[in-house]
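For reference, the structure is listed below as structure tokens.
Letters go in sequence order (proteins before strands), and every chain restarts at 1.
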There are 2 protein chains.
Amino acid sequence: MSHADTTVSSDAANNPCSDCARAGHCLGGALTADSLHPPQVVRRVVAKGEHLYHAGDPADTLYVIRGGATKTYVCSSDGEEEVRGFQLANDAAGLESVCDRSYHTNAVALSRSWVCKLPAAAVREKMTRSPSFRDRVLSKLCHEFERLYGMLHRGRCAADQRVADFLVTQLRGQDGDIRSEIDLPMSRTDLARYLGLTTETVSRAFTRLQERGVLKRRGAHCEIVNPAALQALS
Amino acid sequence: MSHADTTVSSDAANNPCSDCARAGHCLGGALTADSLHPPQVVRRVVAKGEHLYHAGDPADTLYVIRGGATKTYVCSSDGEEEVRGFQLANDAAGLESVCDRSYHTNAVALSRSWVCKLPAAAVREKMTRSPSFRDRVLSKLCHEFERLYGMLHRGRCAADQRVADFLVTQLRGQDGDIRSEIDLPMSRTDLARYLGLTTETVSRAFTRLQERGVLKRRGAHCEIVNPAALQALS
DNA sequence: CGAAACATTGAACCGCATCAATCAAAGTGG
DNA sequence: CCACTTTGATTGATGCGGTTCAATGTTTCG
């Protein structure tokens, strides 16, 4: 994945979205399309382990992930970490900034990541001015609802199903087609805390999937040998 | 609970919210406050077992429950019913009408219920006109997110904790104070399908809570003897 | 009253968590 | 570059909680 366009031209200094290939599909692009004066969207590189925000911080920024990967998580009352979601390229983090005063999750980079910061105030203002932009934001919220309902459903399935379902979800790109291989950016521990299982159980599920000839693993890389079988499980 | 105001005055025929005590706290009241010509909000009585909408129907109505109780549910691929939520007085059903074209759940009355139908088009239109109304709708969506996150957390707890946590949630009225007794409007089966457990496990959890002196049951009625102990569990 | 639906209780089984050990990969410092 | 440490992943053995199957008790309603 190339991030050559992070080198800032003088144009991009005023509007980082002007030289972004994804501007047409991104809330940031829409936010800066009818150009007001100052740069509203800011690009940033985030080191592995660095936080985008913490729970309780004033929710003043909507993040769009350009590259890399992040996770959102909370620490439950018993001290356990609950992973609420992973964000890859083109995903949003901190959507609660649209409808709440403060973040209720923590967000941290799983690897070196490239993100765009959209001021929540600008997003709200644009929502007021443009119903179509508002509908795009609502659509994002709607997708998040669907994802959460999916998580709830997964929580009622057996371990192998949870892992299979997760893989199917991850393999489906935003363009709709289904890839046959993937690099999982998160650790087994994070995946377990996302799926509501232990690392041991997740590990065993992967082993079983491999033994059945559904997939092959090489470290974080994961190749789907039998997509139909994977789909059938989830 | 009295529903005397369902008897329609000629005023109320044009605007059912004009004689509703809850109009000030209800999206319906806000929708009809700056009165346009025809009645936008329609009241209806829904018989037990009658559906408000089905999954796949065009999502053209936002429902507000005035009295009674409803549940939303989906039938998963394996034929099992998954209950996604219960709606009591002042709760909304069909929130997806704000951001989606069609409902993705079914909604059915658990008992004779009184509902208000808000046309989704009118809600969207008012959102465009009034940022504060828009923020109220967004706030509803935000609360739904919180509820879903709570459900996800509950899904990782033991059976007794799930039931205790559910009770605590139900006992907390929208005014913030905590009641000491409650009539559960849903069957054990529905509750089990909501909590991701079996009816037997839910039943045993209630029995254990009673044996520990936390609560007393008389049919659907549930009296909390030791609120502190209940809170401590959840 | 009698039937049907719902709720409760009991016994046995099974899947996941837990505890524990080994293995693999990635740094780190001499 | 190689020992050494550290971190993460895998595999194994055991126990427990919730499901499953089955029976009984309770409520509701024609």
By side chain to side chain contact (heavy atoms under 4.5 Å, CB included), which residues pair with [X], not counting sequence neighbours?
{"X": "A/Val123", "answer": "A/Leu31, A/Leu62, A/Val98, A/Leu118, A/Met127, A/Phe133, A/Val137"}
{"X": "B/His54", "answer": "B/His51, B/Asp57, B/Asn106"}
{"X": "B/Glu81", "answer": "B/Lys71, B/Tyr73, B/Val83, B/Asp190, B/Arg193"}

Exercise. When you list every nucleotide of DNA chain C with an atom under 4.0 Å from a heavy atom of chain A, which one comes first 5' to 3', and which comes last?
Worked result: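 Answer, 5' to 3': C/dC16 to C/dA20.
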
Exercise. Which of residues 70-82 of chain B have a heavy atom under 4.0 Å from DNA chain C?
Worked result: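 None - not one residue of the stretch has a heavy atom sitting under 4.0 Å from the strand.
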
Atom pairs and distances, side-chain donor-acceptor, residues 225-234 of chain B, under 3.5 Å, sequence neighbours left out:
| from | atom 1 | to | atom 2 | distance (Å) |
| --- | --- | --- | --- | --- |
| B/Asn226 | OD1 | B/Ala228 | N | 3.4 |
| B/Asn226 | OD1 | B/Ala229 | N | 3.1 |
| B/Ser234 | OG | B/Gln231 | O | 3.1 |

Problem set entry | Bending between helix ends of the helix from C/dC1-D/dG30 to C/dG30-D/dC1 [5 pairs per end, 10° resolution] |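 End-to-end axis angle for the helix from C/dC1-D/dG30 to C/dG30-D/dC1: 40°, rounded to 10°.
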
For this session: Would you mind checking if B/Asp78 and A/Arg156 are paired as a salt bridge, meaning a charged N to carboxylate O distance below 4.0 Å?
Result: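 No.
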
Problem set entry | Residue pairs fulfilling salt bridge (Lys or Arg N to Asp or Glu O under 4.0 Å) with at least one residue in residues 196-215 of chain B, sequence neighbours excluded |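 Applying salt bridge (Lys or Arg N to Asp or Glu O under 4.0 Å) to every pair that reaches into residues 196-215 of chain B, excluding sequence neighbours, yields B/Asp160-B/Arg208, B/Asp160-B/Arg212.
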
For this session: Can you tell me which residue pairs pass the salt bridge (Lys or Arg N to Asp or Glu O under 4.0 Å) test with a partner in residues 89-108 of chain A, sequence neighbours excluded?
Result: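 Output for this query is empty, none listed.
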
Exercise. Heavy atoms under 4.0 Å, any strand shown: does A/Arg156 hit a base, just sugar-phosphate, or nothing?
Worked result: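 Here A/Arg156 touches no strand at all.
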
Problem set entry | Value rounded to 0.5 Å, distance of CG in B/Leu195 from CZ in B/Arg162 |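 Reported value, rounded in 0.5 Å steps: 7.0 Å.
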
For this session: Measure up the A/Phe166 and A/Phe86 rings against each other and bin them: parallel (under 30°), tilted (30 to 60°), perpendicular (over 60°).
Result: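 The rings of A/Phe166 and A/Phe86 stand perpendicular, inter-plane angle above 60°.
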
For this session: State, yes or no, whether a side-chain contact exists between B/Leu152 and A/Leu152 at a heavy-atom distance under 4.5 Å.
Result: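 B/Leu152 reaches A/Leu152 side chain to side chain.
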
Problem set entry | ring-ring contact (aromatic ring centres under 6.0 Å, His included) partners of residues 167-188 of chain A, not counting sequence neighbours, each pair once |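 Residue pairs with at least one partner in residues 167-188 of chain A: there are none.
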
Seminar exercise, completed: A correct 5'-to-3' footprint of nucleotides 24-30 of chain D, with B, S and - meaning base, sugar-phosphate only and no protein heavy atom under 4.0 Å, is -------

For this session: For D/dG8, take OP1 and OP2 only and decide whether either is under 4.0 Å from a side-chain N or O of A/Thr199.
Result: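 No, no such contact exists.
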
Could you go over nucleotides 16-22 of chain D and give all protein N or O partners under 3.5 Å, atom names and distances?
| from | atom 1 | to | atom 2 | distance (Å) |
| --- | --- | --- | --- | --- |
| D/dG18 | OP1 | B/Ala159 | N | 2.6 |
| D/dT19 | OP2 | B/Thr198 | N | 3.4 |
| D/dT19 | OP2 | B/Thr198 | OG1 | 3.1 |
| D/dT19 | OP2 | B/Thr201 | OG1 | 2.4 |
| D/dT20 | O4 | B/Arg204 | NH2 | 3.1 |
| D/dC21 | N4 | B/Glu200 | OE2 | 3.1 |

